[in-house]
Chemist: 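My structure is below; once you've seen it, I'll send some questions.
No experiment lies behind these values; they were computed from the predicted model shown. Any value given below was found using the heavy atoms of this structure, including those in side chains, with hydrogens, waters and symmetry copies removed.
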Amino acid sequence: MRKVCVITGSRAEYSLLRPLMKEIEKDTELRLQLIVTGMHLSLEFGSTYKAIEADGFAIDKKIKILSKVDTPVGISKSMGLAITGFAKAYERLKPVIIVVLGDRFEIFGAVAAALVSRIPVAHIHGGEITEGAFDDAMRHCITKMSHLHFASTKEYRKRVIQLGESPGRVFNVGALGVENIKRMEMLSMNVLERELRFKFKKHNLLVTFHPVTLENNTSEKHFQVLLNVLDRLEDTGIIFTKSNADPGGRLINKMIDKYISKNSSKAAAFTSLGGQRYLSLMRYADAVVGNSSSGIVEAPSLNVGTINIGDRQKGRVRAESVIDCQCKQRTILKAFERLYSREFQSLLKKVKNPYEGDGNAAKSIKDKIKNIDLSNLIKKKFHNII
């Protein structure tokens, strides 16, 4: 059996990988191996590895890498621990190919170790641009260390090829997150209110705000601007999902806790909602507010608007349902005015999501990984564009 090792380090990433893991697991010619790392293993970030086990997956290896601080030194230390930990895991598990998604620093460490271990890498969501985050450079580095590429749009596929990857190894399959929306059974509003102990109001917002990691010490200032705007909204329920382990993420989470302590009648916060709850909440929200990729990739498929603040997602392909604004009170308030305008609400009903593939992304990726000739993958030729 072909050992396919899937790696996950965050709640959002696992939610996207889950249908692919199911596809691999049910194929009798493949054996799913699973390595869990990063925020999954941190009590502070919800110990979300338990949700993976609750879904019925066996975890082959847990690699603890997170530092107690999210400073540049702390993140760099985590990257070093990741490289060491993954090298040892590969030596024991002996996968024939590893599967990674995205651009985070723990995934960079996992792929760097795989490169030295001469293990082929299948990379999902390459070719994308996020100009405000160091994830942007991480993603392109991961692309150059990978051997199979599964892009989410035609434009991203072209960019991976522009980076020198052979066109025959680069596939546009659409976004796994969009496939999740089409296949997942959504929770009703009543169930969400009961499970989350939160009462929906006339208007409701799903707020996810992460640090802009290529900016110095802007997290507190920018997030406070957003909180000031949220304070001015009337009859509006606010559900925060907490930030990740990037530099400045813990500061944002403390600010969320402080805000909730003063506004518990209208706001709630969650370290991890899980994929089903998160997408179900998105379905009933007026908008996804902040700077999360979910507002760019998934929200349009639910005909939900997005207020995308700042430069963190700058450069991504986006639908007409995304309202971009700078992190200034005046421009965010104008974005809310547009969100609730009759013209924009009419546009939402017919918006097209550029990340929609044929609805079979998980199976397409699994089939390519299953049938590809692995013997010729490691050595790559640089593809020149004439």
Side-chain angles (χ1 to χ4, degrees), residues 5-18 21 34-55 57 59-86 89 98-113 124-125 130 133-135 138-139 142 176-177 206-213 219 223 239-257 269-279 290-294 312:
C5 184
V6 175
I7 296 167
T8 176
S10 71
R11 66 200 180 199
E13 171 194 74
Y14 167 66
S15 178
L16 300 178
L17 286 169
R18 185 176 178 273
M21 290 162 60
L34 180 60
I35 299 179
V36 170
T37 188
M39 290 181 284
H40 283 308
L41 304 179
S42 168
L43 179 63
E44 180 184 4
F45 292 97
S47 298
T48 47
Y49 75 90
K50 295 178 181 177
I52 298 174
E53 292 176 332
D55 282 341
F57 292 111
I59 298 173
D60 293 274
K61 181 64 178 176
K62 298 174 183 175
I63 302 176
K64 292 185 178 181
I65 64 168
L66 280 194
S67 169
K68 293 182 179 179
V69 293
D70 54 20
T71 62
V73 172
I75 298 298
S76 297
K77 180 180 177 181
S78 294
M79 291 171 66
L81 290 172
I83 293 174
T84 302
F86 278 100
I98 71 168
V99 180
V100 297
L101 184 149
D103 46 35
R104 289 190 52 77
F105 60 83
E106 60 266 30
I107 299 304
F108 176 90
V111 174
I124 303 167
H125 275 286
T130 49
F134 55 49
D135 296 353
M138 297 277 189
R139 185 187 307 108
I142 292 168
L176 285 167
L206 183 55
V207 180
T208 305
F209 195 90
H210 298 290
V212 183
T213 51
S219 296
F223 191 56
I239 296 178
F240 294 92
T241 61
K242 289 194 173 182
S243 187
N244 55 32
D246 287 333
R250 287 178 170 92
L251 176 59
I252 290 173
N253 291 341
K254 288 180 181 178
M255 294 174 71
I256 291 173
D257 290 338
F270 299 90
T271 301
S272 178
L273 287 162
Q276 185 183 38
R277 284 178 175 174
Y278 185 76
L279 291 175
N291 56 14
S292 168
S293 62
S294 62
R312 189 171 187 268

Chemist: Can you name the nearest heavy-atom pair linking Phe209 to Gly290, along with the distance?
Modeler: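 Distance-wise, the nearest heavy atoms are CD1-CA, 4.1 Å.
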Chemist: If you look at every heavy atom in Val212 and Asn291, which pair is closest and at what distance?
Modeler: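 Nearest heavy atoms, Val212 then Asn291: CG2-ND2, 4.2 Å.
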Chemist: Considering only residues two or more places apart or on different chains, which pairs with a residue in residues 36-53 satisfy salt bridge (charged side-chain N to carboxylate O under 4.0 Å, His left out)?
Modeler: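 Qualifying pairs: Glu44-Arg250, Glu53-Lys62.
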Chemist: Could you walk me through whether Leu101 and Leu176 pass the side chain to side chain contact (heavy atoms under 4.5 Å, CB included) test, one step at a time?
Modeler: CA-CA 10 Å; Leu101 184 149; Leu176 285 167; 4.1 Å; yes
Chemist: A side-chain contact here means heavy atoms from C-beta on lying under 4.5 Å apart; do Phe134 and Pro247 qualify?
Modeler: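 With C-beta onward as the side chain, the pair touches.
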Chemist: List the atom of Ile7, the atom of Ala110, and the distance in Å for their closest heavy-atom pair.
Modeler: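 Smallest heavy-atom distance, with atoms named: CD1-CB, 3.8 Å.
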Chemist: For a side chain to side chain contact (heavy atoms under 4.5 Å, CB included) check, start with the C-alpha distance between Met39 and Asn244, then their side-chain angles and the critical distance, and finish with the verdict.
Modeler: CA-CA 8 Å; Met39 290 181 284; Asn244 55 32; 3.5 Å; yes
Chemist: Run the side chain to side chain contact (heavy atoms under 4.5 Å, CB included) check on His210 and Ile252 step by step: do they pass?
Modeler: CA-CA 8 Å; His210 298 290; Ile252 290 173; 5.7 Å; no
Chemist: With heavy-atom distances below 4.5 Å as the criterion, would you say the side chains of Tyr14 and Thr48 are in contact?
Modeler: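 Tyr14 vs Thr48: side chains apart.
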Chemist: Is the closest side-chain heavy-atom distance between Met21 and Val99 below 4.5 Å?
Modeler: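 The answer is no; the side chains never approach within 4.5 Å.
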Chemist: Do we see a donor-acceptor contact under 3.5 Å between the side chains of Thr208 and Thr241?
Modeler: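 The answer is yes; a qualifying pair exists.
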Chemist: Suppose the criterion is salt bridge (charged side-chain N to carboxylate O under 4.0 Å, His left out): which pairs have a residue in residues 100-111, not counting sequence neighbours?
Modeler: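 Found Asp103-Arg139, Arg104-Glu106, Arg104-Asp246.
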Chemist: Shortest non-hydrogen contact from Ala89 to Lys61?
Modeler: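 Closest pair (atom of Ala89, atom of Lys61, distance): CB-CG, 4.0 Å.
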Chemist: For Ile98 and Ile35: C-alpha separation, side-chain torsions, deciding distance, then whether side chain to side chain contact (heavy atoms under 4.5 Å, CB included) applies.
Modeler: CA-CA 10 Å; Ile98 71 168; Ile35 299 179; over 6 Å; no
Chemist: Please report the closest heavy-atom contact between Ala245 and Phe105, naming both atoms and the distance.
Modeler: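 Of all heavy-atom pairs spanning Ala245 and Phe105, the closest is O-CE2, 4.2 Å.
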Chemist: Are Ile124 and Leu17 close enough that some pair of their side-chain heavy atoms sits under 4.5 Å apart?
Modeler: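 In short, these two side chains touch, coming nearer than 4.5 Å.
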Chemist: Report yes if some heavy atom in the side chain of Leu66 is under 4.5 Å from a heavy atom in the side chain of Leu41; otherwise report no.
Modeler: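 With C-beta onward as the side chain, the pair stays apart.
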Chemist: For Ala269 and Ile256, work out which heavy atoms get closest and say how close.
Modeler: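 Shortest heavy-atom contact: CB-CG2, 3.5 Å.
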Chemist: Is it true that a side-chain atom of Thr71 and a backbone atom of Gly74 form a donor plus acceptor pair closer than 3.5 Å?
Modeler: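 Yes; at least one donor-acceptor contact below 3.5 Å.
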Chemist: Look at atom CZ of Phe108 and say whether more than 12 heavy atoms of other residues, nucleotides or ligands are closer to it than 6.0 Å.
Modeler: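 No - once you tally the heavy atoms of other residues, nucleotides and ligands closer than 6.0 Å, there are 12 at most.
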Chemist: Name the one of Ser294, Ser15, Ser272 that satisfies side chain to side chain donor-acceptor pair (under 3.5 Å) with Tyr278?
Modeler: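 The option that passes is Ser294.
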Chemist: Do Lys242 and Asp257 have side chains that get closer than 4.5 Å, going by heavy atoms?
Modeler: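 SC-SC contact between Lys242 and Asp257 confirmed.
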